[in-house]
Amino acid sequence: MTEITLKHCSVREWRPSDVDSLVAQANNVKVWRNLHDGFPHPYTRADAEAWIKQTTNATPDTVFAITVDGKAVGGIGFTRGTGELRLTATIGYWLGEDYWGRGITTEALRAVTERTFANFDFARIEAYVFEWNLASARVLEKVGYTREARLRKRITKEGRTVDCFLYARLRG
């Protein structure tokens, strides 16, 4: 993938040189609490090295770093469904707390969504948002995703079982 340069950020592949910045931004409980449990906390240098190695071995053009001034400050990526869900992608993203509220996630999500529809055959891209993460819900809505459902008691995080929202954007 070539780097997508946007107004507030860039989106590109992960690089070994991103390790220190990745640890600095990802090792934050406020970031972790909005992500699935596969995202570790605390987030260590070993976690960052393993993640970057994993992304370089993954299917190309599906997992990206969000960068500001050349530093990796977040991540965004999608996975293809299988079987009858093969034309559905699930997208996820995160951004370091120091960069919240600047329009960076909205810009990155818009670019990756458009690029995904342009380069893959997906009929839909969907995202799941924990009920307390209203900022992420607003980001999805700004990019044209529609809330399709409230999934009752779907996730358990921090010892609580809570609802999450299903958002989707359709091709065309």
Side-chain angles (χ1 to χ4, degrees), residues 1-15 17-18 21-22 24-26 28 30-36 38-39 51-52 54-56 58-81 85-151 154-155 163-172:
M1 173 186 153
T2 57
E3 186 168 343
I4 303 172
T5 303
L6 305 163
K7 183 177 178 184
H8 298 101
C9 67
S10 293
V11 177
R12 61 159 170 78
E13 74 285 344
W14 287 96
R15 300 175 182 158
S17 59
D18 293 329
S21 183
L22 174 54
Q25 298 305 317
N28 181 325
K30 291 179 185 176
V31 170
W32 168 83
R33 75 182 304 263
N34 292 310
L35 300 171
H36 62 81
F39 192 94
W51 173 250
I52 291 170
Q54 177 184 335
T55 65
T56 60
T59 303
D61 295 340
T62 62
V63 181
F64 314 103
I66 300 171
T67 67
V68 174
D69 299 326
K71 290 183 178 180
V73 298
I76 186 166
F78 64 90
T79 56
R80 178 184 287 276
L85 299 176
R86 66 188 166 278
L87 296 182
T88 298
T90 302
I91 198 162
Y93 49 85
W94 67 272
L95 189 69
E97 183 181 12
D98 295 342
Y99 296 87
W100 293 355
R102 299 186 194 180
I104 293 167
T105 306
T106 301
E107 192 174 67
L109 179 62
R110 181 174 288 115
V112 172
T113 297
E114 295 304 327
R115 186 177 188 289
T116 300
F117 277 131
N119 291 291
F120 295 87
D121 61 345
F122 298 119
R124 76 187 264 128
I125 302 173
E126 57 188 33
Y128 296 87
V129 179
F130 301 167
E131 70 180 7
W132 59 69
N133 193 354
L134 300 180
S136 188
R138 284 191 301 274
V139 165
L140 287 158
E141 291 166 359
K142 287 179 193 175
V143 178
Y145 285 72
T146 301
R147 188 168 113 181
E148 292 186 341
R150 178 183 200 113
L151 304 172
R154 184 166 193 270
I155 60 117
D163 300 351
C164 77
F165 303 118
L166 168 62
Y167 278 83
R169 182 160 159 194
L170 306 180
R171 176 181 293 282

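The structure presented is a predicted model; accordingly, all values stated were derived computationally and were not measured.
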- Message: The test is side-chain contact (heavy atoms from CB on, under 4.5 Å); show your working for Thr113 and Ile91 and say whether it passes.
- Response: CA-CA 9 Å; Thr113 297; Ile91 198 162; 4.3 Å; yes
- Task: Identify the heavy atoms of Phe120 and Thr62 that sit nearest to each other, and give their distance.
- Result: CZ-CG2, 4.4 Å
- What are the two closest non-hydrogen atoms of Glu3 and Thr67, and how far apart are they? OE2-OG1, 4.3 Å
- Query: Looking at Val143 and Thr106, what are the two nearest heavy atoms and their distance?
  - Reply: CG2-O, 3.6 Å
- Do Asn133 and Phe165 touch side chain to side chain, with heavy atoms closer than 4.5 Å? no
- Task: Determine whether Arg12 and Asp18 make a side-chain contact, defined as any pair of heavy atoms from C-beta on separated by less than 4.5 Å.
- Result: yes
- Query: Do Arg154 and Tyr128 meet the cation-pi criteria used here (NZ or CZ under 6.0 Å from the six-membered ring centre, within 45° of the axis)?
  - Reply: yes
- Task: Can you see which heavy atom on Phe117 is nearest to which on Leu170, and at what distance?
- Result: CZ-C, 3.7 Å
- Supply the atom-to-atom distance Arg86 CZ to Asp121 CG, rounded to the nearest 0.5 angstrom. 9.0 Å
- Any side-chain heavy atom of Glu107 within less than 4.5 Å of one from His8? yes
- Shortest non-hydrogen pair, Thr56 vs Trp14, comes out as CG2-O, 4.4 Å
- Message: Testing the 3.5 Å rule here: is there a donor-acceptor pair between the side chains of Tyr99 and Thr105?
- Response: no
- Task: Indicate yes or no: at least one non-hydrogen side-chain atom of Leu95 is less than 4.5 angstrom from one of Trp100.
- Result: yes
- Note on the structure: Only residue of Glu148, Glu141, Glu126 satisfying side chain to side chain donor-acceptor pair (under 3.5 Å) with Tyr167 is Glu141
- Check: Leu109 and Tyr145 side chains under 4.5 Å, non-hydrogen atoms: yes
- How far apart are the closest heavy atoms of Ala168 and Arg124, and which atoms are they? CB-NH2, 3.2 Å
- Task: Show your reasoning for whether salt bridge (Lys or Arg N to Asp or Glu O under 4.0 Å) applies to Arg150 and Glu131.
- Result: CA-CA 9 Å; Arg150 178 183 200 113; Glu131 70 180 7; 3.3 Å; yes
